[in-house]
Every structure is written in structure tokens, then in C-alpha cells.
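Below is one structure; the comments refer to it alone.
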Amino acid sequence: MRKKLIAGNWKMYKTTAEAVAFAHEYKALASNAVIEHEVAVCAPFTQLAALKEAFAGSAVCLGAQNMHYEEEGAFTGEISASMLAEIGVDYCVIGHSERRQYFAETDESVNRKLHTAFKHGIVPILCVGELLAARDVGLHYSVVSEQIVADLVGIPYTDVERMVIAYEPVWAIGTGRTASPKQAEEMCKFIRSEVTNIHGIDTSAKVMIQYGGSVKPENAKEILGQPDIDGALVGGASLLPADFLTICGS
Ligand code: PGA
């Protein structure tokens with residue numbers, strides 16, 4: 001039985017004070033709730049240390065949203081994996097479509113980041129997904145297949161088994177237009193079969209595959225009820241403690 005992971009992706013929202021207030025409110029609400037899934041919050045870099053402290057003693061794990069693939073060096077403005085590991089970051093979102101779209105992230109840099117994350121004991125949440133134009137012409141499976149194959153080059157099965165892959169159709173991110181549970185399940189199942197092709201069925205049965213894109217309290221239960229969907233990567237709806245908690249408890 002695979003566990004499910006609900007990860008909030010806060011993107012470029014909240015000051016540190018607001019982040020800490022969220023943590024306290026979430027913890028208070030969660031103390032009266034039954035939550036069977038693993039929960040993580042992927043926050044901006046400046047909030048991570050304060051959130052580590054604010055979530056201490058709770059089951060909420062901490063994630064970053066990006067990192068550099070080099071160990072260290074003259075890369076002004078960048079953050080390394082060891083800097084994240086030092087804070088106690090558990091997860092790091094890698095290859096989010098916004099980074100691919102606005103910050104020239106490529107499958108090659110994504111792949112290098114995955115290697116570096118594993119080296120530092122950080123579990124990557126690898127994001128893949130097609131643009132609307134690709135889905136409209138029926139190319140969504142081949143786009144996602146190419147991403148999976150390129151992003152996982154050289155990653156041993158022992159690491160793939162403990163990573164997270166998030167299927168995020170770009171047309172469903174922040175648009176309010178969710179993929180139907182059937183569309184989400186079909187692609188997550190396809191991603192699992194791609195992992196089977198690379199590493200075999202034992203590995204693909206273990207890898208955690210999330211859906212992301214306009215997940216809300218109202219649709220979380222049906223999405224999380226699909227057999228190949230092992231959780232959700234939640235943007236907008238993770239910013240309010242009550243909404244996020246409802247999704248975590250779905
Ligand atoms: P959304 O974002 O839930 O606001 O659509 C999801 C994401 O970008 O991870």
C-alpha cells in the first residue's frame with residue numbers, strides 16, 4: 001500500500017510572519033482532525049527556518065520549491081541542496097512548470113537537480129505535465145513520456161522508489177480548470193507505466209505519483225480516490241489553513 005502525500009506549494013506568497021501564523025493556525029485545527037496522509041508545505045526559502053521551528057512537534061514536513069544543482073560556487077542568488085538540508089528540509093519541488101516556463105528550466109537541469117537532491121537526502125517532487133496546446137492535439141502522453149525519460153536519466157531505482165512525481169497539466173494550474181479525475185488517473189497510471197519501462201514493476205509500484213492543478217477542498221476526495229493517484233500538489237488552496245487541512249483530511 002502506497003502512502004499519499006499532500007504537499008502545499010506556496011509559490012511566491014506569504015511573509016515569514018504570515019507563514020508562522022499559518023503554521024500555528026494549521027496545527028491548532030489539525031489537533032482536532034484525523035489526517036491519514038503525509039503532509040508537507042513547500043515554502044519560499046526565507047520562510048524555511050522559521051517554519052521548521054513553527055511546525056516542530058507536528059507531522060507537517062518541510063519542502064523547498066527549487067535548488068541549484070551545483071554543490072556551491074559563484075551563482076549569485078541561488079540556493080544549494082546542502083543549505084536546504086542544513087535547515088532540515090525534507091522535500092524539494094523540482095521542475096515546476098512555472099520554472100520551466102519563466103526561468104528556463106530544462107529537462108537537463110531538472111535531471112542534474114534530482115541527482116544533487118538525492119545526494120543530500122532531499123526527496124524531490126518532480127513536476128511534469130503538458131501545455132494545453134499539446135493536449136488539444138493529442139500529444140500529452142508523448143510530452144510527459146519525454147519529460148519522464150529525460151528527467152530520470154541515471155537515477156537509480158533505489159532513489160526513484162522514494163521520490164515523488166507530480167503530474168501537473170499546465171492548463172490546470174491556477175486556472176480553476178481541474179483535470180477530470182479520469183484524465184488525472186489516466187496520466188498518473190501512464191507515468192507509472194513509464195517508470196515500469198525504465199526500472200520494472202517493483203519500482204513503479206513504490207513510486208509516489210501526485211496530481212496537481214486546481215485541487216480544492218471540493219474536488220480533493222474524488223481525485224485522491226483514484227488508484228494511481230498518491231496525493232496532491234496544491235497551490236492556491238494551500239494558502240489558507242482551513243482549506244489545506246480539508247484537503248489533507250480528504
Ligand atoms: P494550483 O497550483 O493548485 O493553484 O492550481 C498547483 C501548482 O502549481 O502546484
Side-chain angles (χ1 to χ4, degrees), residues 4-14 18-19 22 26 37-45 47-48 51 60-67 89-105 110 113-114 117 122-132 134-135 140 143-144 147-148 151 163-181 183-185 187-188 191 208-224 226 229-250:
K4 292 189 197 285
L5 169 70
I6 312 297
N9 172 15
W10 283 359
K11 310 194 178 187
M12 197 173 74
Y13 289 101
K14 297 191 191 294
E18 289 164 348
F22 175 105
Y26 178 88
H37 309 317
E38 281 178 30
V39 176
V41 166
C42 301
F45 295 130
Q47 302 167 12
L48 293 173
L51 279 175
V60 179
C61 295
L62 197 59
Q65 301 171 12
N66 182 37
M67 47 165 265
V89 163
D90 307 287
Y91 295 96
C92 185
V93 176
I94 291 180
H96 190 281
S97 62
E98 285 150 16
R99 296 216 59 87
R100 293 180 190 254
Q101 214 173 340
Y102 308 132
F103 301 98
E105 188 87 83
V110 166
K113 289 179 183 192
L114 293 181
I122 295 171
V123 176
I125 301 177
L126 164 66
C127 299
V128 296
E130 80 284 0
L131 298 168
L132 184 58
R135 181 163 281 262
H140 44 298
V143 166
V144 170
Q147 288 175 329
I148 292 287
D151 295 347
M163 75 182 288
V164 182
I165 301 174
Y167 168 54
E168 296 208 313
V170 180
W171 46 271
I173 295 175
T175 58
R177 184 180 160 186
T178 325
S180 69
Q183 286 173 320
E185 164 62 18
M187 186 60 89
C188 289
I191 290 170
M208 207 183 245
I209 304 177
Q210 297 177 311
Y211 167 78
S214 298
V215 174
K216 301 181 274 262
E218 304 82 56
N219 59 24
K221 211 178 182 72
E222 200 182 354
I223 290 168
L224 295 173
Q226 305 298 315
I229 300 182
D230 309 321
L233 186 55
V234 187
S238 71
L239 294 168
L240 293 174
D243 284 359
F244 189 52
L245 184 76
T246 304
I247 295 170
C248 294
S250 295

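Ligands are counted one by one from 1 in listed order, and the atoms in each one are counted from 1 as well. Source: prediction; values computed, not measured.
Closest to atom 3 (O) of ligand 1, if we only count protein heavy atoms, is G235 N, 2.8 Å.
Annotation for ligand 1: atoms under 4.0 Å from non-hydrogen atoms of G213 are 5 (O). Shown in contact with L233 at under 4.0 Å from a heavy atom are these atoms of ligand 1, numbered in order with element: 9 (O). Near G174, meaning under 4.0 Å from any of its heavy atoms, are these atoms of ligand 1: 1 (P), 4 (O), 5 (O). Near A172, meaning under 4.0 Å from one of its heavy atoms, ligand 1 places the atoms 5 (O). Taking every non-hydrogen atom of S214 and a distance limit under 4.0 Å, the qualifying atoms of ligand 1 come out as 1 (P), 3 (O), 5 (O). Listed by atom number, the atoms of ligand 1 under 4.0 Å from K11 heavy atoms are 2 (O), 7 (C), 8 (O). Every atom of ligand 1 with a heavy atom of G236 under 4.0 Å away is listed here by number and element: 1 (P), 3 (O), 4 (O).
For Y13, the OH atom is loosely surrounded, since the number of other residues' heavy atoms within 6.0 Å does not exceed 12.
Nearest to atom 7 (C) of ligand 1 by heavy atom, out of Q210, E168, Q65, is E168.
A distance of 4.5 Å separates SG of C188 from CD1 of I229, quoted to the nearest 0.5 Å.
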If you apply the rule side-chain contact (heavy atoms from CB on, under 4.5 Å), what do you find for I125 with L5, and how did you get there? CA-CA 10 Å; I125 301 177; L5 169 70; 4.3 Å; yes
Go through the steps to decide whether F45 and Q65 satisfy the test side-chain contact (heavy atoms from CB on, under 4.5 Å), and finish with yes or no. CA-CA 8 Å; F45 295 130; Q65 301 171 12; over 6 Å; no
Quick one, L126 with Q147, criterion side-chain contact (heavy atoms from CB on, under 4.5 Å). Give me CA distance, side-chain angles, the key distance, then yes/no. CA-CA 10 Å; L126 164 66; Q147 288 175 329; over 6 Å; no
Report the C-alpha distance between E168 and H96 in whole Å, list the side-chain angles of each, state the deciding distance to 0.1 Å, and finish with yes or no for side-chain contact (heavy atoms from CB on, under 4.5 Å). CA-CA 8 Å; E168 296 208 313; H96 190 281; 3.2 Å; yes
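In this structure a side-chain-to-backbone donor-acceptor pair under 3.5 Å is missing from N9 to G235.
Taking the six-membered ring where tryptophan is involved, the planes of F22 and W10 are perpendicular, since the angle between them exceeds 60° and thus also 30°.
Under 4.0 Å from ligand 1, not a single heavy atom of S238 appears. Of all the heavy atoms of N9, the ones lying under 4.0 Å from any atom of ligand 1 belong exclusively to the side chain.
Ligand 1 has no N or O atom lying under 3.5 Å from any N or O atom of V234, backbone or side chain. Any N or O atom pair closer than 3.5 Å counts here, and H96 shares at least one such pair with ligand 1.
Across C127 and L233, no two heavy atoms sit closer than the pair SG-CD2, 3.7 Å.
Not close to ligand 1: A237, with no non-hydrogen atom less than 4.0 angstrom away.
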